[in-house]
Amino acid sequence: MTRLKGKQILSLSLMLFAIFFGAGNMIFPPAMGQQAGENFISGLLGFLLTDAGIALLGIIAIVFVGSTMDDLGKLVNKKFGVCLSVFIYLLIGPLFAEPRTGSVSFELAVAPYVNESNMWIASLIFTGIFFLLTYYLSSNPKKVVDVVGNILTPILLLSITAIFLKVLFTKSDANSAVIYGTLAQSQGVYKTMPFFQGMIEGYNALDGPAGLAFAIIVIKALKDYGISDKKIIAKYTIMSGVGAVCFLTIVYFMLAYIGAITETSFANGGALLHAIATETYGGVGGIILGIAVTLACLTTSIGLTTSFSDYFIKLFPKLTYKQIAGIVCLFSFVISNVGLTTLVSVSLPILKIIYPVTVALIILSFFKNIIKERRMVYILGLLGTFIISFVNSLNMIDFIQPLDSFLASFIPFYETGFGWIIPTIIGAIIGFLPFLNKKANVIEAKA
């Protein structure tokens, strides 16, 4: 087969959308919208750029350089390729993304109905069951993810659409539990630079790094259709990615708008969505949303466990698939019980380091035909990215603040969180110097 029907391309797009659309995609757009208020469109554009936009670029980069994340990292060297893959799989696996599936599910489906004094016990029980199910069902992930995804993703989308339409045409009064109806005033940084702050918020959803891992899923699906030509695989992978991004854009707009017209303050996007679902459709609305989100997050959790285990079994062949899956689920269970708000606040500084490095590598990969064997272009470019991003991510620490202030005084875009762009370009240009690459190639050959 060399051509796919429109229905097959749509199916691939929906599959990729279902994989991407997990816990973070539900909670961050409404939270961003509430803070951005009247500037939510600018914030949303920034959010889309660093979330869906970088995810799409990551998918394109993978099919251009090979078929796996390791192939992208090998542009620097083999060891870096492995380190990049390991770190990103940890990031989208047991460190942040997978625990978040349990936290968000609990936040939306259970927390609103539990007394504060019993919250931690309820969280332990719920997330324990959640990750036991993840472990059990990950033994046959394809069938479960396909069935649950095909059923639950539409239900989840219908739930979000129903809430969006309800708040779009209804205005609450002063006696309502949740006050909404008009675009709220912008808060904090969203008053002055909503676009750039939206870009920072886009880091949280983790779809940028996840795109590097999920590209292989589409590539495998295309091979199952009987397509083997690399150019055709690249073509349909990109088309599927564009389709998934379109679906994400529509859903993000609805979620961000719901947050933007909500005046009542909430700790996070999960609490906001549940409150509005209950306010607009009664107790049944909150229950349906909670169940749909939980099952959708379960699908994502299964997919993440499977991807992580499939990769790490190659690195640690002495361990079995089930042993690795068990370790992932146990670790995710522990991390998920630190609480959603805490999990988000802890993860952001790390994301502000790894995200720029990932983006810089993706962009540089598009110039590989020009860069060729000049590895120092990648090395120095990424080094510039890392140093600036590292300092910028730790700017709240006292002894870092003087250096942070110094860098902000002469590096463009530094205060917006994107000061790494110019140092990356300068580092990459320096990397073209011939004598640097001769030394790099000698070291690589010895390794």
Side-chain angles (χ1 to χ4, degrees), residues 1-22 52 54-75 78 81-82 84-86 88-89 92-93 137-150 153 207-248 299-315 317 321 324-325 358 361-362 365-366 368-369:
M1 179 184 292
T2 57
R3 289 178 60 88
L4 293 183
K5 297 178 180 178
K7 185 178 179 180
Q8 292 171 315
I9 297 173
L10 179 62
S11 177
L12 284 172
S13 297
L14 286 171
M15 177 195 72
L16 191 56
F17 167 78
I19 295 170
F20 276 124
F21 196 79
I54 299 303
L56 178 59
L57 286 179
I59 291 171
I60 295 172
I62 293 296
V63 295
F64 276 3
V65 301
S67 61
T68 67
M69 203 187 316
D70 281 0
D71 294 328
L72 182 65
K74 285 177 184 176
L75 292 175
K78 291 181 180 180
V82 174
L84 176 70
S85 298
V86 168
I88 288 179
Y89 273 114
I92 66 174
L137 296 175
S138 63
S139 61
N140 189 10
K142 190 178 187 304
K143 183 177 180 180
V144 174
V145 171
D146 285 347
V147 171
V148 178
N150 290 336
T153 298
D207 285 335
L212 301 178
F214 292 157
I216 187 63
I217 298 175
V218 181
I219 293 171
K220 284 183 177 179
L222 288 169
K223 289 180 177 178
D224 289 341
Y225 279 127
I227 297 175
S228 57
D229 185 272
K230 290 184 178 180
K231 290 184 178 179
I232 298 176
I233 287 176
K235 171 187 172 183
Y236 284 123
T237 300
I238 294 170
M239 289 176 67
S240 301
V242 171
V245 167
C246 289
F247 286 118
L248 283 172
T299 306
T300 301
S301 182
I302 293 167
L304 292 173
T305 299
T306 305
S307 299
F308 185 95
S309 301
D310 283 341
Y311 181 79
F312 274 80
I313 198 172
K314 298 173 185 176
L315 296 181
Y321 173 91
I324 296 175
T358 304
L361 179 58
I362 289 171
S365 72
F366 293 120
K368 70 183 184 72
N369 291 333

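- Applying the side-chain contact (heavy atoms from CB on, under 4.5 Å) criterion to I313, with sequence neighbours excluded, gives Y321, I324.
- Rounding to the nearest 0.5 Å places OG of S307 at 13.0 Å from CD1 of I88.
- Applying the side-chain contact (heavy atoms from CB on, under 4.5 Å) rule to K223 yields the partners I219, I233; only residues at least two apart in sequence or on another chain are considered.
- Distance check, rounded to the nearest 0.5 Å: CG of D207 to CG of L56 gives 11.5 Å.
- Across G208 and I54, no two heavy atoms sit closer than the pair CA-CG2, 3.9 Å.
- When every heavy atom of L72 is checked against every heavy atom of A61, the shortest pair comes out as CD1-CB, 4.3 Å.
- Counting only heavy atoms from C-beta outward, the side chains of L222 and I232 never approach each other to under 4.5 Å.
- Rounding to the nearest 0.5 Å places CG of L304 at 11.5 Å from OG of S138.
- For the side chain to side chain donor-acceptor pair (under 3.5 Å) test, residues two or more places apart in sequence or in another chain that qualify with S301 are E98, T134.
- A donor-acceptor pair under 3.5 Å is absent between the side-chain atoms of S11 and the main chain of K7, judged by distance alone.
- Every residue was checked against the side chain to side chain donor-acceptor pair (under 3.5 Å) condition with T358, not counting sequence neighbours, and none meets it.
- Not counting sequence neighbours, the partners of T68 by the side chain to side chain donor-acceptor pair (under 3.5 Å) test are D71.
- Rounding to the nearest 0.5 Å gives a distance of 6.5 Å between CG of L4 and OH of Y225.
- Inter-residue side-chain proximity for K231 and K235 is flagged as unmet; no heavy-atom pair is nearer than 4.5 Å.
- Nearest heavy-atom pair across S240 and I9 is OG-O, 4.4 Å.
- F21 contributes atom CZ, which lies 13.0 Å from atom CG of L14 (distance to the nearest 0.5 angstrom).
- S85 is linked by a side chain to side chain donor-acceptor pair (under 3.5 Å) to D70, counting only residues two or more places apart in sequence or in another chain.
- Residue I59 comes nearest to G211 through the heavy atom pair CG1-O, 3.6 Å, listed as atom of the first residue, atom of the second, then distance.
- Residues F20 and T300 are not in side-chain contact: their nearest non-hydrogen atoms beyond the backbone lie 4.5 Å or more apart.
- Listed by chain and residue number, M69, Y89, I92 satisfy the side-chain contact (heavy atoms from CB on, under 4.5 Å) test with A213 (two or more places apart in sequence, or in another chain).
- Counting all heavy atoms, side chain and backbone alike, A325 lies closest to T305 at CB-CG2, 3.9 Å.
- The side-chain contact (heavy atoms from CB on, under 4.5 Å) test applied to F64 returns I60, I238, F366, not counting sequence neighbours.
- Between L248 and A52 the shortest heavy-atom distance is CD1-CB, 4.1 Å.
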> When you look at T237 and I62, which way does the side chain to side chain contact (heavy atoms under 4.5 Å, CB included) test go after all the steps?
Replying inline: CA-CA 10 Å; T237 300; I62 293 296; over 6 Å; no
